[in-house]
Undergrad: 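Provided herewith is a single structure, encoded as structure tokens, for subsequent inquiry.
Throughout, residue positions are numbered sequentially from 1 according to the sequence presented.
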Amino acid sequence: MFGIRDRRREVAVRCVVAIVLTLLTALTGVDQATAAERGPRDITQELFYVPLHSQEPYTSDVLGLEFAYDGPPRSAELTVDAAGIGGVAVIASGADRCRPRMPSFTCSKQLHPDSDGWNMQELKLRPAAGARAGDSGSLSYTLKPEGLPAVRGSLKVIAGRPELRVNESAALKTTAVGETFSVPIVIRNTGDVPARGVVLLIEGTAALSAATRHSNCRYAKDADTIQCLLPDAVIAPGETMRMKPVLRVKPSRAALAERLSYGAWSFHSSGRHPGPPCCVDDPGPGLTPGQGTLLSLTPDPTGGRGTTFTTTPEPTEVKVPVRNTADIEAIGAALRGNVGTTHRIRVGYRNNGPAETGEIRTVFIAPPGTEVIRAPYDPEAEEEMSDQVCRTKNRGRSYTCSQYSKVGQKVFYEFTLRTTSDDTRSGCVSVSAWTESGPGGTPVKDTEGSNDTAPVEVAENGTVSCALPEEDGSGGVGGWAVGTGIAALAGSALLVAGHRRRKASRSGPTPTPWWLTRFERER
């Protein structure tokens, strides 16, 4: 009998729990629906600078009145009161068929969930006649969504702009792996109004990291992006400030020919969606704060005397040379067959480190008794042979292939050869590493020179030479002769993905930058 009562009690409890869960689910659904029905939130920036002079890169005369909204599509009316900016600025035009009139006007606006894009009304402003730097006024607006409460907001419009420029760093001396070095950053306001709030963006290659992580800076996971926010910093027109403490950077074990850049911008000077990904007054996504001392700006005691500053808002770039070495190991191949047979082979290299070099050049010399009938080909490259990842200058007797790779990675190039004679002499693969591609690169010291070459073997006892035919010695590596041996072939695939990425960045039509607003694209 006692067990029956327990079972009944258990059934009753389950029923009560089920009812409560049902009610909670219903209430949650109502609450979510209510939250969606609460309407949009105003997220428009607090300040907007109207340029008094010609626009520079990343500056904008387009103001975006922006709202966050997660509800269903809905019609709305946007009323703008521009009476408060009289004598400061004039709203000249608007995007999305909005036709402004001074001093007030109303435009129809369609709201969409944030996942479908921005809920923004773009307005183009120009300075009013007679406006002087520093003149300011208030722009008010009201968004009335259909069936939801109105949203009211305002922002300060200022005539003139702060324009921050950073020092161009002197060439850094060559440093050692793991040796911390300093990068002084000096900022000058060349604009016509004060900069109120400053954001710094420091970016470097993956082999560089910050020696100290400041608590008002945000850092990327790989430590190659640093965003520092100084909301209380004020830099008057003509004033020069110095970052304190000095930025300290340390190269990793893989460092070689590194680069870093830094730039500074004023809060709100480029809108919420600016050109560089740094010019917002909110931390970037995926960045985590540091724990060290606060970064600050102090007046430069010399006033910037003797310092060369950038002339545009673009960041300045610094080359960071690091003493390091790399063991690049050549990987050869072997082929066997009668005259007239064809063979697919893969030759290449492995970067054994420690340095992650710039360009790695592979010279493949075909065995004298063969001819190359197919070489690596990138269909996305331009028609000129110089744009291919592997190039030849002597009718296919040799090929020079250029590629980049990480430490520990193997890179292969696939060739198809046909045997043309009973000549049993083997061909050759020779590799070398460079700090960077092109004429500016310098050779990287290789700690294991004995494995820089490998044979492409035709017969087990054939001789091997890395000398090109006498009629054209271009691209050869000298008269090197070795005994035979087959280098092991293992690992990864070839060949053109990295080449395609490099090509995309240096050729073809320039795409519309992502930071351009819809209004600017329509123009």
Side-chain angles (χ1 to χ4, degrees), residues 328-350 360-379 381 383-403 410-433 446 448-496 499:
I328 311 301
E329 178 184 352
I331 300 176
L335 58 120
R336 301 283 188 274
N338 298 325
V339 175
T341 58
T342 59
H343 310 268
R344 284 198 307 176
I345 64 169
R346 295 197 305 164
V347 299
Y349 66 87
R350 173 188 168 97
I360 296 179
R361 299 175 190 172
T362 302
V363 177
F364 164 56
I365 301 175
T370 68
E371 64 176 353
V372 177
I373 60 175
R374 179 173 294 176
Y377 177 73
D378 180 5
E383 293 183 1
E384 291 82 358
M385 187 62 195
S386 60
D387 293 309
Q388 290 295 324
V389 67
C390 292
R391 305 176 301 278
T392 183
K393 292 183 178 179
N394 51 14
R395 300 177 184 177
R397 295 307 307 161
S398 71
Y399 284 81
T400 299
C401 306
S402 299
Q403 185 65 287
K410 291 181 179 179
V411 173
F412 290 101
Y413 306 99
E414 186 173 285
F415 291 84
T416 302
L417 278 64
R418 178 189 292 119
T419 56
T420 56
S421 72
D422 292 326
D423 193 331
T424 60
R425 289 177 296 167
S426 295
C428 173
V429 179
S430 178
V431 294
S432 58
D446 194 314
E448 291 289 340
S450 60
N451 63 7
D452 292 352
T453 51
V456 179
E457 197 179 56
V458 174
E460 292 186 8
N461 298 313
T463 59
V464 181
S465 174
C466 273
L468 282 170
E470 292 184 2
E471 66 267 20
D472 186 351
S474 62
V477 292
W480 172 82
V482 298
T484 60
I486 302 176
L489 289 179
S492 64
L494 51 131
L495 88 95
V496 297
H499 179 68

Undergrad: Would you give the length of the straight line joining atom NZ of K410 to atom CD of E329, rounded to the nearest 0.5 angstrom?
TA: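 K410 atom NZ to E329 atom CD measures 7.5 Å (nearest 0.5 Å).
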Undergrad: To the nearest 0.5 angstrom, please state how far the CD1 atom of I360 sits from the CD atom of Q403.
TA: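 That separation rounds to 8.5 Å.
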Undergrad: R425 side chain to A459 main-chain N or O, any donor-acceptor pair under 3.5 Å?
TA: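 A pair under 3.5 Å: no.
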Undergrad: Over all heavy atoms of both residues, which pair between A333 and V347 is shortest? Give the atoms and the distance, please.
TA: CB-CG1, 4.1 Å
Undergrad: Using 30° and 60° as the class boundaries, would you call the ring planes of F364 and Y399 parallel, tilted or perpendicular?
TA: parallel
Undergrad: Write down the atom of T416, the atom of R344, and the distance for their closest heavy-atom approach.
TA: OG1-CG, 3.4 Å
Undergrad: Quick one, Y349 and V429 - any side-chain contact, counting heavy atoms below 4.5 Å?
TA: no
Undergrad: Give, for atom CZ of R391 and atom OG of S398, the distance between the pair rounded to the nearest 0.5 Å.
TA: 11.0 Å
Undergrad: For V458, does its backbone N or O pair with a side-chain atom of S426 as donor and acceptor, under 3.5 Å?
TA: yes
Undergrad: I328 and D446: which non-hydrogen atoms are nearest, and at how many Å?
TA: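 Nearest pair, atom of I328 first, then D446: N-OD2, 3.1 Å.
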Undergrad: Search all heavy atoms of P367 against all heavy atoms of G427 and return the closest pair with its distance.
TA: CG-N, 3.5 Å
Undergrad: Is there side-chain contact between L335 and L417, with at least one heavy-atom pair below 4.5 Å?
TA: yes
Undergrad: Would you name the heavy atoms of N338 and T419 that are closest together and state the gap between them?
TA: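 Taking N338 first and T419 second, the nearest heavy atoms are O-OG1, 2.5 Å.
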Undergrad: Taking all heavy atoms of T392 and all of R397, pick out the closest pair and write down the distance.
TA: OG1-N, 4.3 Å
Undergrad: Keeping T420 on the side-chain end and G369 on the backbone end, is there a donor-acceptor pair under 3.5 Å?
TA: yes
